[in-house]
S.K.: 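Here it is, the structure in full.
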Amino acid sequence: MTTGTHRLKGIVIRASAGNYTVFHEGHEVLCTLRGNLKKELVMTESASRAPRVIQAKRKRLTNPVAVGDTVWFHYTTSHQGVITEVEPRRSAVVRFIPRTKEVQVIVANIDLLLIVFSVLEPRLDPWQLDRFLVAAYANGLNPVIVANKCDLPIEPQTEHHLQVYARCGYEVCRVSATRGDGIDSLRERLRGQIAAVCGPSGVGKSSILNALQPGLGLKVGQVGETTHKGRHTTTLAQLFQLGEDSWIADTPGMRNFELWAVDAETIWQAFPEIRPYLGECYFPDCQHDTEPDCAVKEAVEQGKVDRRRYESALLLAKEAQERQQTLGER
Ligand SMILES: Nc1nc2c(ncn2[C@@H]2O[C@H](COP(=O)(O)OP(=O)(O)OP(=O)(O)O)[C@@H](O)[C@H]2O)c(=O)[nH]1
Ligand SMILES: [Zn+2]
């Protein structure tokens with residue numbers, strides 16, 4: 001530990017009320033921001049936002065430094081420091097706060113998004129899973145579908161869905177948090193990465209985290225504490241260390257994504273098996289719905305694109321259009 005101007009590099013693992021816990025070589029350093037940094041960062045932020053998330057540029061950012069950011073800092077006391085610089089972000093998951101019309105970075109630099117579903121109890125809902133996959137795409141995150149509770153019988157329909165996702169090119173990990181199946185290879189997959197976890201309630205997200213890292217349980221329970229003193233006192237996200245060089249972000253705001261800013265075009269693009277056919281339709285502005293000579297619908301007829309996935313994309317695209325119209329009317 002060196003106090004003074006010696007610059008050190010760390011990762012922000014917690015943030016609240018202008019205080020940032022920076023992890024550096026096994027130590028947690030409580031940091032504040034250097035005076036002028038806040039202003040400077042607001043500008044770089046809009047340039048480094050997730051490219052496919054629209055509107056972010058025009059909105060004000062509430063938090064220039066977020067959990068997941070790689071920062072430069074120096075010690076001011078034996079366990080406190082000042083952040084002087086933030087490295088450019090690889091990705092940013094943002095949330096729009098309607099009340100203040102501000103955009104908040106929930107977590108930065110996520111490499112992988114673990115989308116957890118259970119095969120049974122509750123049964124995997126592919127329509128809901130598609131929403132998560134679109135959200136991952138829109139936020140520039142690499143998704144991994146984690147099918148949990150594989151100790152329970154897998155119904156033929158669910159097996160079919162899992163195979164369709166694999167054929168679309170998605171990574172599918174089959175695990176059982178309670179029996180331990182697949183947990184070692186999932187841990188291996190997470191090596192050297194920052195991963196976030198999302199998925200519906202009751203599918204076993206906490207159980208998987210605990211299976212990956214016994215002893216994590218207590219910490220997981222602390223996430224999501226809110227106070228009524230205002231938004232700045234709310235813990236947005238936390239990173240938990242998983243072994244030497246893996247981090248897990250467990251964030252209340254990310255357990256359920258909202259597709260608030262995703263446009264219809266992005267929805268279609270988000271389906272990797274449909275992507276090759278976009279732009280091949282007769283009408284350049286084809287909505288892939290009732291138009292004739294639609295390359296996407298032809299691909300569905302020929303069995304190259306799963307019909308349910310196509311219907312899912314159509315549904316989400318229509319929703320997005322309605323949202324855009326409502327926004328436009330305001
Ligand atoms: N059979 C079986 N049950 C599991 C497995 N993993 C978790 N469960 C059970 O599923 C229930 C929900 O598990 P949690 O880990 O709390 O699920 P969660 O996704 O974190 O739920 P929320 O906190 O509501 O979002 C619990 O009763 C677990 O014991 C599994 O692999 N197999
Ligand atoms: Zn079309």
Side-chain angles (χ1 to χ4, degrees), residues 113-125 128-129 132 145-155 158 162 172-187 195-226 237-238 240 248-257 264-265 267-269 271 273-302 304-305 307 309-318 321:
L113 180 66
L114 301 184
I115 306 177
V116 183
F117 272 76
S118 49
V119 294
L120 206 63
E121 296 175 12
R123 179 183 290 121
L124 184 143
D125 176 355
Q128 202 184 3
L129 176 49
F132 280 101
I145 299 170
V146 180
N148 188 33
K149 308 198 187 181
C150 280
D151 52 291
L152 302 176
I154 301 186
E155 295 169 341
T158 300
L162 289 179
V172 180
C173 285
R174 297 177 185 230
V175 304
S176 163
T178 48
R179 215 165 59 184
D181 308 1
I183 295 297
D184 284 344
S185 46
L186 182 58
R187 193 183 294 113
V197 181
C198 66
S201 187
V203 296
K205 296 180 294 295
S206 305
S207 306
I208 289 173
L209 293 180
N210 284 327
L212 284 166
Q213 175 93 315
L216 203 64
L218 188 72
K219 293 179 191 164
V220 171
Q222 287 171 352
V223 176
E225 275 178 41
T226 52
Q238 288 191 68
F240 300 109
I248 290 272
D250 188 48
T251 77
M254 255 183 73
R255 284 196 160 199
N256 248 316
F257 271 109
E265 179 58 30
I267 303 270
W268 287 106
Q269 293 282 349
F271 286 70
E273 76 279 32
I274 295 179
R275 215 175 293 149
Y277 305 103
L278 302 172
E280 301 291 314
C281 305
Y282 179 78
F283 293 106
D285 61 345
C286 184
Q287 307 293 307
H288 323 300
D289 189 6
T290 52
E291 295 85 350
D293 290 329
C294 168
V296 173
K297 280 191 292 176
E298 266 166 37
V300 175
E301 293 309 326
Q302 291 166 2
K304 292 175 184 159
V305 167
R307 186 173 297 277
R309 285 271 294 169
Y310 159 73
E311 284 169 2
S312 185
L314 190 62
L315 181 80
L316 292 172
K318 281 183 177 170
Q321 263 160 354

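These numbers come from the heavy atoms of this one structure, side chains and all, not from hydrogens, waters or symmetry mates. Counting starts at 1 for both ligands and their atoms, following the listed order. Here, residue 1 is the first one in the sequence, and each next residue gets the next number.
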S.K.: My understanding is that we take every heavy atom of each candidate and find the minimum distance to atom 11 (C) of ligand 1. Doing that for Lys149, Lys205, Arg179, Glu121, which one comes out nearest?
M.R.: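 The residue whose heavy atom sits nearest atom 11 (C) of ligand 1 is Lys149.
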S.K.: Do any protein N, O or S atoms sit under 2.8 Å from the Zn ion (ligand 2), and which ones are they?
M.R.: Cys281 SG, Cys286 SG, His288 ND1, Cys294 SG
S.K.: Could you say whether the N/O atoms of Gly202 and ligand 1 ever approach to under 3.5 Å?
M.R.: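 N/O-N/O distance under 3.5 Å: yes.
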S.K.: Taking the side chain as every heavy atom from C-beta outward, state whether Ile248 and Gln213 have any pair of such atoms under 4.5 Å apart.
M.R.: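 Ile248 does not reach Gln213 side chain to side chain.
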S.K.: Under 3.5 Å between any N/O of Cys150 and any N/O of ligand 1: does that happen in this structure?
M.R.: no
S.K.: If we set the cut-off at 4.0 Å for heavy atoms, which region of Asn148 has an atom near ligand 1: side chain, backbone, both, or neither?
M.R.: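 Asn148 to ligand 1: side-chain contact only, backbone stays beyond 4.0 Å.
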S.K.: Is the ring pair Trp268/Tyr310 parallel, tilted or perpendicular, if the boundaries are 30 and 60 degrees?
M.R.: tilted
S.K.: Do the non-hydrogen side-chain atoms of Leu129 and Ile145 ever get within less than 4.5 Å of each other?
M.R.: yes
S.K.: Which atoms from ligand 1 have a heavy atom of Asp151 less than 4.0 Å away?
M.R.: 1 (N), 2 (C), 30 (C), 31 (O), 32 (N)
S.K.: With a 4.5 Å limit on heavy-atom distance, are the side chains of Phe240 and Leu209 in contact?
M.R.: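 Contact flag for Phe240/Leu209 side chains = no.
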S.K.: What's the shortest heavy-atom distance between Pro153 and Leu120, and which atoms?
M.R.: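 In this case the closest contact between Pro153 and Leu120 is O-CD2, 3.8 Å.
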S.K.: Does anything in residues 176-187 form a salt bridge (Lys or Arg N to Asp or Glu O under 4.0 Å)? List the pairs, not counting sequence neighbours.
M.R.: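 Output for this query lists Arg179-Asp181, Asp184-Arg187.
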S.K.: Under the side-chain hydrogen bond (donor to acceptor under 3.5 Å, both in side chains) rule, what pairs show up with a residue in residues 288-300, not counting sequence neighbours?
M.R.: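 The answer is Asp289-Lys318.
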S.K.: Which heavy atom of Asn148 sits nearest to which heavy atom of Gly204, and what is that distance?
M.R.: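 Distance-wise, the nearest heavy atoms are ND2-CA, 3.7 Å.
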S.K.: Considering the heavy atoms of Val203, write down every atom of ligand 1 situated less than 4.0 Å from one of them.
M.R.: 17 (O), 19 (O)
S.K.: Is it the side chain, the backbone, both or neither of Leu152 that has a heavy atom closer than 4.0 Å to ligand 1?
M.R.: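 The answer is the side chain of Leu152.
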S.K.: Report the residues that fulfil side-chain contact (heavy atoms from CB on, under 4.5 Å) with Thr178, sequence neighbours left out, ordered by chain and then residue number.
M.R.: Asp151, Ser176
S.K.: Any idea which of Ser201, Ala211, Ser206 brings a heavy atom closest to atom 24 (O) of ligand 1?
M.R.: Ser201
S.K.: Looking only at distances, can you tell me whether any N or O atom of Val175, backbone or side chain, sits closer than 3.5 Å to an N or O atom of ligand 1?
M.R.: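 By distance alone, the answer is no.
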S.K.: Closest approach of Ser201 and Pro122, non-hydrogen atoms and distance?
M.R.: O-CG, 4.1 Å
